[in-house]
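Ligands are counted one by one from 1 in listed order, and the atoms in each one are counted from 1 as well.
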Amino acid sequence: MINEKLELPCGVEVKNRFLKSAMTEGLADSDAVANKKHNNLYKKWAYGGVGISVTGNVQIDHRYIERAGNVVIEGEQSNESLAALADWSHAGTQNNTHLWMQLSHAGRQTPFSINKESAAPSVQPLPTLGGILKFGVPKELTHSEILDIVDRFVNAAEIAKQTGFTGVQLHSAHGYLLSEFLSPNVNQRSDQWGGSIENRSRLLLTVIEAIRDKVGNNYPISVKLNSSDFQKGGFTHEESIEVAKILNTSSLDLLEISGGTYENFTALEIDSLNLKKAKTIKPQRSTKVREAYFLKYAEAIKSVLSIPLAVTGGFRSSEGMNDALQSGACDIIGLGRPLCSEPEIINDLISGAKKSATLYENILEFGPWIFGLNSPISMMRSNNKAAQVYWCYRQILKMADGKEVDPKLGLFRAFLDHFRDDAANSKKYKNHWNDLS
Ligand SMILES: Cc1cc2nc3c(=O)[nH]c(=O)nc-3n(C[C@H](O)[C@H](O)[C@H](O)COP(=O)(O)O)c2cc1C
């Protein structure tokens, strides 16, 4: 049941079965240091009742970030940065909440506005998506650069522990660097980091064990993994099961399952933003219709796991959540978007005050015309879903400013405001780091 405790393999106890899935906050200034806004936001979520709160992706290299506003931890941190991280963890661990830092490298999904050159396992550039999302052109990482990436993940994890975060999660889903290494499409290397699935998962496994060496046996380490990239030639469901088997032999504490990449953002049920038609595959739901769209995939992964499994994507009702837990399909329920519109929803679901989160994804409408030209119905629905992410970004900003969320906020307004701010923030970020180098 959703309110039951869970003990992780490292011995740490979680007070219930909810995990706030990582959501990029975009709150840092161009120096990429945490600030008071992070404290406000995570304190709010902590009092909302979640057992494990995972931060938005914190980057390990300022050159390859997901967007301006990310926090970056690389090298030695200033006293100011260490103090800010400690304040953040203090706020986010109130109410007996775990606060885990999600660590990431954006790989070839680094926006062009941040860096014209991205970094990836092989030179496989991403097309411009939705006519507006443009990315850096990747260079192939060398062996020594890959080893440097391992060191960077370890350094950031050590700093997370030192500053009071109660665990870390490696972002190895959604097409960022660690998941690019897993993908046969993106990783076309012929050295020890590419080729067989064992080789493609070597970077992820090396990072886990290197972090474990430094943080000790009692500190939770989690991985967010795609159940599939849902892309022809990409990381398949069968390969995801193979990786789960490999991870099961590692010192991991929790595997979180999601799916898709920027080209086919299944994590948010967005079919494809690629107007040139990415070769995508639609995920199949189980015959018994369930709200969590990766549950069918999670069940197969769960069957090879002895460590706990979290599933994220689509969970909204306490009935659906309890059903998934009771059927043994997963051990933890991941929640993202509902916590942007109803930060108290977990308390309400546990107390029974509400039976379900509000289905904003079915309510908020955008319109087919914004991406122009030939918008068939499916594209229109994708546009709604894509713009809903920006709507969530704006609600996050409100909570971070200590304000209430605004369910009446229009989708178009959120979209425009986001892109206006993102352009300005990206420019500021680039200037800041250019001046330093
Ligand atoms: C605003 C927003 C930001 C997100 N940022 C991240 C992120 O930083 N890292 C990550 O792993 N997933 C990220 N995601 C994906 C969510 O963690 C989650 O997988 C997705 O929202 C599906 O869960 P839901 O149906 O409960 O929203 C983000 C999603 C949203 C809506």
Side-chain angles (χ1 to χ4, degrees), residues 18-28 38 41 45 50 52-59 65-67 69-72 100-107 109 168-179 222-227 254-262 265-270 283 290-295 297-298 310-317 320-321 324 330 332-343 345-346 349 356-362 364 384-400 405 409 411 414-415 418 422:
F18 283 101
L19 173 141
K20 183 218 135 272
S21 199
M23 286 188 284
T24 169
E25 307 93 3
L27 295 176
H38 293 91
L41 178 64
W45 276 329
V50 68
I52 303 169
S53 185
V54 182
T55 69
N57 49 182
V58 169
Q59 304 297 327
I65 66 170
E66 169 258 339
R67 69 165 167 138
N70 286 162
V71 171
V72 176
W100 293 1
M101 186 185 282
Q102 187 184 59
L103 302 175
S104 184
H105 179 303
Q109 292 186 165
V168 287
Q169 181 179 73
L170 301 173
H171 195 352
S172 187
H174 304 167
Y176 295 106
L177 187 79
L178 290 176
S179 72
S222 166
V223 162
K224 188 165 181 175
L225 181 75
N226 274 353
S227 50
L254 177 70
L255 184 63
E256 182 189 355
I257 289 298
S258 184
T261 69
Y262 274 16
F265 220 135
T266 342
L268 299 158
E269 283 203 297
I270 300 170
R290 287 163 154 180
E291 57 188 17
Y293 33 87
F294 298 126
L295 215 49
Y297 303 90
V311 176
T312 302
F315 275 118
R316 297 296 178 262
S317 72
M321 296 169 189
C330 64
I332 293 198
I333 306 295
L335 277 188
R337 287 163 289 180
L339 293 167
C340 297
S341 44
E342 294 171 304
I345 190 65
I346 292 173
L349 291 172
S356 174
T358 308
L359 296 170
Y360 280 101
E361 52 272 44
N362 294 346
L364 294 163
N384 284 340
K385 288 264 165 61
Q388 284 168 13
V389 176
Y390 306 124
W391 188 86
C392 288
Y393 286 174
R394 304 310 288 184
Q395 305 294 2
I396 285 176
L397 293 184
K398 284 192 186 297
M399 289 188 277
V405 297
L409 177 68
L411 215 49
F415 175 87
H418 168 71
D422 189 56

Expected output: side-chain [X] to main-chain [Y] donor-acceptor under 3.5 Å:
X	Y	value
Asn226	Ala173	no
Glu361	Gln388	no
Asp422	His418	no

To atom 12 (N) of ligand 1, the nearest of Glu361, Lys224, Arg337 on a heavy-atom basis is Lys224
Option whose closest heavy atom lies nearest to atom 9 (N) of ligand 1, chosen from Gln388, Glu256, Gln102 =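 Selected option, by shortest heavy-atom distance: Gln102.
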Residue, atom name and distance, where the atom is the protein heavy atom closest to [atom]:
atom	result
atom 20 (C) of ligand 1	Leu268 CD2, 3.7 Å
atom 5 (N) of ligand 1	Thr24 N, 2.9 Å
atom 22 (C) of ligand 1	Ala267 O, 3.2 Å

Below 3.5 angstrom, do we get any N/O pair linking [X] and ligand 1?
X	result
Thr312	no
Ala22	yes
Tyr393	no
Gly314	yes
Gly336	yes

Where on [X] is there a heavy atom closer than 4.0 Å to ligand 1, on the side chain, on the backbone, on both, or on neither?
X	result
His174	side chain
Cys392	side chain
Met23	both
Glu66	neither
Arg316	side chain

query = Do the non-hydrogen side-chain atoms of Glu25 and Leu397 ever get within less than 4.5 Å of each other?
reply = no
query: Can you tell if the side chain of Thr24 reaches within under 4.5 Å of the side chain of Asn70, non-hydrogen atoms only?
result: yes
What's the verdict on side chain to side chain contact (heavy atoms under 4.5 Å, CB included) for Leu103 and His171, showing C-alpha distance, side-chain angles and the deciding distance? CA-CA 6 Å; Leu103 302 175; His171 195 352; over 6 Å; no
Show which atoms of ligand 1 fall inside a sub-4.0 Å distance from at least one heavy-atom site of [X].
X	answer
Ser21	16 (C), 17 (O), 18 (C), 19 (O)
Leu335	26 (O)
Asn57	8 (O)
Gly313	22 (C), 23 (O), 25 (O)
Tyr293	25 (O)

Would you verify whether the NZ or CZ of Arg394 falls within 45 degrees of the ring axis of Phe415 while also being under 6.0 Å from that six-membered ring's centre?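 Geometry flag: not set, cation outside 6.0 Å or 45°.
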In sequence, state the C-alpha distance, the side-chain angles, and the governing distance for Phe294 and Phe315, and then conclude on ring-ring contact (aromatic ring centres under 6.0 Å, His included).
CA-CA 10 Å; Phe294 298 126; Phe315 275 118; over 10 Å; no
Test item: side-chain donor near acceptor, [X] and [Y], under 3.5 Å:
X	Y	answer
His174	Ser179	no
Glu291	Ser317	yes
Glu256	Ser222	no
Gln102	Asn57	no

Decide whether the shortest distance between a heavy atom of Ala173 and an atom of ligand 1 is less than 4.0 Å.
-> no
Heavy-atom closest pair (Leu411 atom, Trp391 atom, distance to 0.1 Å) is CD1-CB, 3.7 Å
